[in-house]
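Worksheet for the structure shown next.
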Amino acid sequence: MSARRLLLLGPPGAGKGTQAQGLVDSLGIPQVSTGDMLRAAVAAGSEVGQQAKAFMDAGKLVTDEIVIGVAEERLRQDDAKDGFILDGFPRTVAQAEALDGLLEKLGVALERCVAMTVDEDELVGRLLKRAEIEGRADDNEASIRVRMKEYREKTEPLVDYYRQRGVLAEVSGEGTIEAVAQRIQNALA
Ligand code: ADP
């Protein structure tokens, strides 16, 4: 049996979104991507979107308060009852603690945190390539540098956080998409 309450953790460009999509198909559980939800909010011009946009464009993390609200609302929806793949949330210790509190309220627990590791030069190369293809507003060199720094300072501590909780699996995110997917499947078994 595969674990079904999952978190994909890793720096920008590690391939979390790609691998999350593969898991949606193989496990039939939803991907919960705060990045995607925030981009949709920006596109819709909602209050959350208006508050988040400047942070996102600069490569800075959006405030915990905004993101926790967005994630909680999503995780309370019916289709996340039997499992979910968190992608891009939590990104700070405060967010991780909020997630713990919410899951406890819902009577469930996170079963696995897959931490994806990729060499930093490779990450920057991938993001610059994505910039050419997708034209995402935050895929420029200045923003990429800020996002890497934000990751190291605020998100990387979560690797230890989940190691201490006994749910951490570290997986190399280098190589083909299929090779990485296989490693993740092994880590979930
Ligand atoms: P990437 O995969 O390149 O790291 P995402 O698509 O996950 O980026 O997120 C894009 C931007 O959205 C982040 O740089 C940040 O501004 C905002 N964001 C997404 N998730 C969070 C979060 N959990 N906490 C704070 N900000 C977030």
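Computed from a predicted model, the values in this text were never measured in an experiment. Each ligand, and each atom within it, is numbered from 1 in the order the structure gives.
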Crowded around [X] [atom1]? As in, over 12 foreign heavy atoms under 6.0 Å?
| X | atom1 | result |
| --- | --- | --- |
| E141 | CD | no |
| E104 | CD | no |
| E73 | CD | no |

Residue pair Q164 / D160, side-chain donor-acceptor N/O under 3.5 Å: no
Side-chain donor-acceptor contact under 3.5 Å, Y151 with R147: no
Provide, to 0.1 Å, the distance between [atom] and the closest protein heavy atom, together with that atom's residue and name.
| atom | result |
| --- | --- |
| atom 16 (O) of ligand 1 | K60 O, 2.6 Å |
| atom 18 (N) of ligand 1 | L38 CD1, 3.5 Å |
| atom 24 (N) of ligand 1 | Q95 NE2, 2.9 Å |
| atom 10 (C) of ligand 1 | R39 NH1, 3.6 Å |
| atom 13 (C) of ligand 1 | R91 NH2, 4.2 Å |

Separation between CE of M148 and CG of L123, rounded to the nearest 0.5 Å: 4.5 Å
Nearest-0.5 Å distance, CD of residue E156 to OG1 of residue T117: 10.0 Å
Considering all heavy atoms, the nearest I85-V24 contact: CD1-N, 3.6 Å
Considering the heavy atoms of [X], write down every atom of ligand 1 situated less than 4.0 Å from one of them.
| X | value |
| --- | --- |
| R147 | 3 (O), 14 (O) |
| T34 | 19 (C), 20 (N), 21 (C), 23 (N) |
| P12 | 3 (O), 4 (O) |

Name the option, out of [options], that contains the heavy atom nearest to [atom].
| atom | options | value |
| --- | --- | --- |
| atom 23 (N) of ligand 1 | A14, A96, G88, G10 | G88 |
| atom 8 (O) of ligand 1 | R136, M56, K16 | R136 |
| atom 26 (N) of ligand 1 | V62, V42, L99 | V62 |

Ligand 1 contact by R130, heavy-atom criterion under 4.0 angstrom: yes
Test item, E150 contacting ligand 1 (heavy atom, 4.0 angstrom): no
Cluster link Y161 to L6, ILVMFWY, side chain under 4.5 Å: no
For ligand 1, the portion of V67 having any non-hydrogen atom under 4.0 Å away: side chain
